[in-house]
Amino acid sequence: MSTLHITRDGSVLRKVDERLKVTIEKETIIDVPLIKVDHVVVWGRVTVTPLTVRSLLEHGIEIVYLTTFGKYIGRLQPEFSKNSILRKAQYKASDDKGKTEAISKALVYGKLANIRTILLRAGRAQSPEDKVDEVSSNISGNRIEEAIERIKVTIRKLKDATSVDEIRGHEGAGTAAYFGVFGELIKADGFSFDGRERRPPTDPVNALLSLGYVLLTNDVHTVCNIVGFDPYIGFLHSDKYGKPSLALDLVEEFRPVIVDSLVLSLINKKVIQIDDFDLELGKVYKLKDSAFKKFLQHYEEKKRAEIKHPLFDYKATYFKSFELQARLLGKFISGEIEEYIPFLIK
């Protein structure tokens, strides 16, 4: 899936012949064939002309609206999926205690197993330079090993959980252990991480994580629509007005795989550097325009990267893997398979 991100305030998106053109005043800043775009994401004060909206929807292209800071506003989507049978099964399953617990447990297992793998990879990837200072290296290594062990114990306890609240508690404990040492994985100068801060992110690392999670949630929300689910009825996440609970459920196992690993890579390879951020009122860190575009570009590349799917054993992009997991969940909810198997990295 190719996503067109329009990020500059004052931009206007128009369909001209069979192309999409983005202009500011009279200057054309983007000009792409319509056929190459599957998804449009509008950031901030951007105008999409009425005829363009109609044409995008006629071509089955969804338009997502976000604020300049990435807060979700809403979406215009093509004709609603005709898969009413799946939605009826989803509503029924959401009231089924056994199915809700089984799905929640599998989703949390996927997340915890993947964050543990990220830490194990970090331990294996420690460079010779990191080992020069053996005392500090040993302290860091011990903290990561302790976190890995805590997550392992949490996974063991998860298997015996008997309620969704208990499952959420184990998810919180494992995530706290992971983010307690996440800062140890950052090797570039100028960056630090003392824990997860969401609203607002008050340091550059949290700002990148939050931005990545917004993009990932939007993509998984789109997948829920493609498959035919109601994105607002979830299992692990509670129902709340306007909250895309199912999209947030399915995001969990992919957060470390897609976003956390991308953020670490961009920082440690110095693609994103500390002076790529502006500090705004309220101690809110925001990427400068050029770095913001770089982040979007690398996120899109990651999403389109091909991997061998761990369950189906054939090549698929990560985006296709989002859809495969959603379809797998649909088969479990519909009673076609006996369990939902999460996406696990090695």
Side-chain angles (χ1 to χ4, degrees), residues 1-24 28-84 86-87 90-91 210-234 237 239-251 292-293 296-297 299-300 303-304 317 319-320 322-323 326-327 330:
M1 169 170 281
S2 298
T3 302
L4 173 62
H5 290 271
I6 309 170
T7 59
R8 289 176 63 178
D9 282 350
S11 301
V12 178
L13 172 64
R14 290 185 180 87
K15 176 178 172 288
V16 180
D17 297 326
E18 292 305 310
R19 304 183 71 83
L20 290 176
K21 292 191 177 184
V22 179
T23 57
I24 293 184
T28 299
I29 55 174
I30 299 174
D31 182 350
V32 291
L34 175 63
I35 197 171
K36 290 192 174 180
V37 175
D38 299 306
H39 194 204
V40 173
V41 180
V42 171
W43 298 74
R45 293 187 297 106
V46 172
T47 300
V48 184
T49 67
L51 286 177
T52 305
V53 169
R54 175 176 172 172
S55 185
L56 290 172
L57 296 178
E58 284 174 347
H59 284 80
I61 299 171
E62 190 176 63
I63 311 167
V64 176
Y65 289 89
L66 306 176
T67 67
T68 304
F69 293 95
K71 183 181 178 185
Y72 176 74
I73 299 172
R75 66 206 315 122
L76 292 173
Q77 63 184 82
E79 186 185 13
F80 200 52
S81 166
K82 297 178 174 64
N83 198 347
S84 58
L86 176 62
R87 285 192 291 281
Q90 179 188 1
Y91 299 142
S210 292
L211 174 58
Y213 295 153
V214 166
L215 296 171
L216 179 60
T217 303
N218 273 318
D219 282 329
V220 174
H221 192 141
T222 297
V223 161
C224 291
N225 290 331
I226 291 171
V227 172
F229 278 121
D230 181 337
Y232 294 91
I233 302 295
H237 289 83
D239 295 337
K240 185 178 176 184
Y241 182 81
K243 180 179 175 183
S245 298
L246 183 63
L248 293 169
D249 283 357
L250 286 167
V251 156
F292 182 61
K293 288 176 184 172
L296 292 179
Q297 177 192 338
Y299 173 82
E300 292 298 319
K303 191 175 77 179
R304 291 197 298 271
T317 63
F319 185 84
K320 185 65 180 176
F322 305 159
E323 184 182 334
R327 293 195 184 282

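The structure displayed is predicted, hence computed values, not measured ones. One is the number of the first residue; the rest follow in order along the sequence.
- Within a 6.0 Å radius of CD1 in Ile24, other residues, nucleotides and ligands contribute more than 12 heavy atoms.
- Contact detail for Leu250 and Cys224: the closest heavy-atom pair is CD1-SG, 4.0 Å.
- Lys21 approaches Asp31 most closely through the heavy-atom pair CE-OD2, 3.3 Å.
- Taking 4.5 Å as the limit, some side-chain heavy atom of Asp38 sits within range of a side-chain heavy atom of Ser2.
- Scanning all heavy atoms of the two residues, the minimum distance from Gly234 to Asp239 falls at N-OD1, 3.7 Å.
- For NZ of Lys243, the number of neighbouring non-hydrogen atoms (other residues, nucleotides, ligands) closer than 6.0 Å is greater than 12.
- Distance CD/Glu58 to CG/Leu51: 9.5 Å, rounded to 0.5 Å.
- Contact check for Ile226 versus Gln77: no side-chain heavy atoms found under the 4.5 Å cut-off.
- Here the CD-NZ distance, from Glu18 to Lys36, works out to 14.5 Å after rounding to the nearest 0.5 Å.
- Annotation: side chain of Leu56 is not in contact with side chain of Val37 (no heavy-atom distance under 4.5 Å).
- A donor-acceptor contact shorter than 3.5 Å links the side chain of His59 to the backbone of Ser55.
- Taking all atoms of both residues into account, the shortest heavy-atom contact from Leu86 to Gly330 is CD1-CA, 3.8 Å.
- Remark: Val22 pairs with Ile6, Ser11, Leu13, Ile29, Ile30 by the side-chain contact (heavy atoms from CB on, under 4.5 Å) rule, at least two apart or across chains.
- Taking the six-membered ring wherever Trp is involved, the centroid distance between the rings of Tyr232 and His237 does not fall below 6.0 Å.
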- Query: Can Phe292 and Leu211 be said to form a side chain to side chain contact (heavy atoms under 4.5 Å, CB included), step by step?
  - Reply: CA-CA 10 Å; Phe292 182 61; Leu211 174 58; 3.8 Å; yes
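- Using a 4.5 Å cut-off on side-chain heavy atoms (C-beta onward), Leu216 and Phe322 make contact.
- Note: Leu34 CG to Thr52 OG1 = 9.5 Å, rounded to the nearest 0.5 Å.
- Applying the 6.0 Å contact sphere to NZ of Lys15 captures more than 12 heavy atoms from other residues, nucleotides or ligands.
- Between atom CZ of residue Arg75 and atom CG of residue Leu66 there is a gap of 8.5 Å, rounded to the nearest 0.5 Å.
- Between Glu62 atom CD and Asn218 atom CG the span is 8.0 Å, to the nearest 0.5 Å.
- In this structure, NZ on Lys303 lies 3.0 Å from OG1 on Thr3, to the nearest 0.5 angstrom.
- For the pair Val251 and Tyr213, the minimum side-chain heavy-atom distance is 4.5 Å or more.
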- In sequence, state the C-alpha distance, the side-chain angles, and the governing distance for Tyr65 and Val48, and then conclude on side chain to side chain contact (heavy atoms under 4.5 Å, CB included). CA-CA 11 Å; Tyr65 289 89; Val48 184; 4.0 Å; yes
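- Taking 4.5 Å as the limit, some side-chain heavy atom of Leu57 sits within range of a side-chain heavy atom of Val53.
- The shortest heavy-atom contact between Ile61 and His39 is CG2-N, 3.8 Å.
- Counting only heavy atoms from C-beta outward, the side chains of Val214 and Tyr72 never approach each other to under 4.5 Å.
- Residues Asp249 and Leu246 have side chains in contact (heavy-atom distance under 4.5 Å, counting atoms from C-beta outward).
- Under 3.5 Å, the side chains of Asp230 and Gln90 contain no donor-acceptor pair of N or O atoms.
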- Item | Full working for side chain to side chain contact (heavy atoms under 4.5 Å, CB included) between Thr7 and Lys293 | CA-CA 8 Å; Thr7 59; Lys293 288 176 184 172; 4.1 Å; yes
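- Between Val227 and Asn83, the shortest heavy-atom distance links the atoms O-ND2, 3.5 Å.
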- Task: List the steps, then state whether side chain to side chain contact (heavy atoms under 4.5 Å, CB included) holds for Glu300 with Leu4.
- Result: CA-CA 10 Å; Glu300 292 298 319; Leu4 173 62; over 6 Å; no
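- With sequence neighbours left out, the side-chain contact (heavy atoms from CB on, under 4.5 Å) criterion links Thr23 to Val12, Arg14, Thr28.
- Ring geometry for Trp43 versus His5: interplanar angle of 30 to 60°, hence tilted.
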